[in-house]
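All values derive from a computational prediction rather than experimental measurement.
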Amino acid sequence: MHKKAVFDRELEKLAEIFSTVDESKRKLVEGLIEDAAFLKAENFVLRKTLAETGMVKVHPENSSLQKPVEAAKQYLKNVNSYAVIIKTLNGILNKNMLDDDDDLSEFE
């Protein structure tokens, strides 16, 4: 699979999840959805690299000397950013569900 395919798949998945959300809220989070798809695609590439290099370089003669690989540092930053975005998007989804429940409670 290629980076663009991962981006498109994530964008499509998130767009489908948000298809039932109020249009104004959906427009508000469009950028976050695109950022989430971008980070997912970037991490896909980084993971492939890290599968070959590992996340930590170990000195061949002294295993106590170690340093993280730059790709690993970036991967972790991206994972944290992705998690924050997904948490924010999930909060908006939950708020939307609560709003829908409030509308239904009027008929109880």
**Prompt:** What closest approach, in Å, do Val69 and Gly54 show between heavy atoms, and which atom pair accounts for it?
**Reply:** CG2-O, 3.6 Å
**Message:** Under the rule for side-chain contact (heavy atoms from CB on, under 4.5 Å), what residues qualify as partners of Arg47, not counting sequence neighbours?
**Reply:** Tyr75
**Message:** Once salt bridge (charged side-chain N to carboxylate O under 4.0 Å, His left out) is applied, what residue pairs with a partner in residues 26-38 remain, sequence neighbours excluded?
**Reply:** Glu23-Lys27
**Asked** What pairs meet the salt bridge (charged side-chain N to carboxylate O under 4.0 Å, His left out) rule with one or both residues in residues 8-20, with sequence neighbours excluded?
**Response** Lys4-Asp8, Glu10-Lys13
**Request:** Tell me whether Tyr82 is reachable from Leu50 by hopping between hydrophobic residues (I, L, V, M, F, W, Y) whose side-chain heavy atoms are closer than 4.5 Å.
**Result:** no
Using residues 59-68 as the side-chain source, report each donor-acceptor pair under 3.5 Å to any protein atom, sequence neighbours left out, with the distance given to one decimal.
from, atom 1, to, atom 2, distance (Å)
His59, ND1, Glu61, N, 3.0
His59, ND1, Asn62, N, 3.3
Asn62, OD1, Ser64, N, 3.1
Asn62, OD1, Ser64, OG, 2.6
Gln66, NE2, Ser63, O, 2.9

**Working for side-chain contact (heavy atoms from CB on, under 4.5 Å), residues Leu32 and Leu89** = CA-CA 8 Å; Leu32 280 178; Leu89 292 173; 4.0 Å; yes
**Message:** Can you confirm whether Lys25 is buried at NZ, in the sense that more than 12 heavy atoms of other residues, nucleotides or ligands lie under 6.0 Å from that atom?
**Reply:** yes
**Asked** Can you get from Phe38 to Val29 by hopping between Ile, Leu, Val, Met, Phe, Trp and Tyr side chains that sit under 4.5 Å apart?
**Response** yes
**Item:** Listed partners of Lys77 passing side-chain contact (heavy atoms from CB on, under 4.5 Å), at least two apart
**Value:** Gln74
**Request:** May I ask you to list the residues sharing a hydrophobic cluster with Val45, side-chain cutoff 4.5 Å, ordered by chain and number?
**Result:** Met1, Val6, Phe44
**Message:** Applying side-chain contact (heavy atoms from CB on, under 4.5 Å) to Phe18 and Ile92, what does each step give before you reach the verdict?
**Reply:** CA-CA 9 Å; Phe18 274 82; Ile92 292 168; 4.1 Å; yes
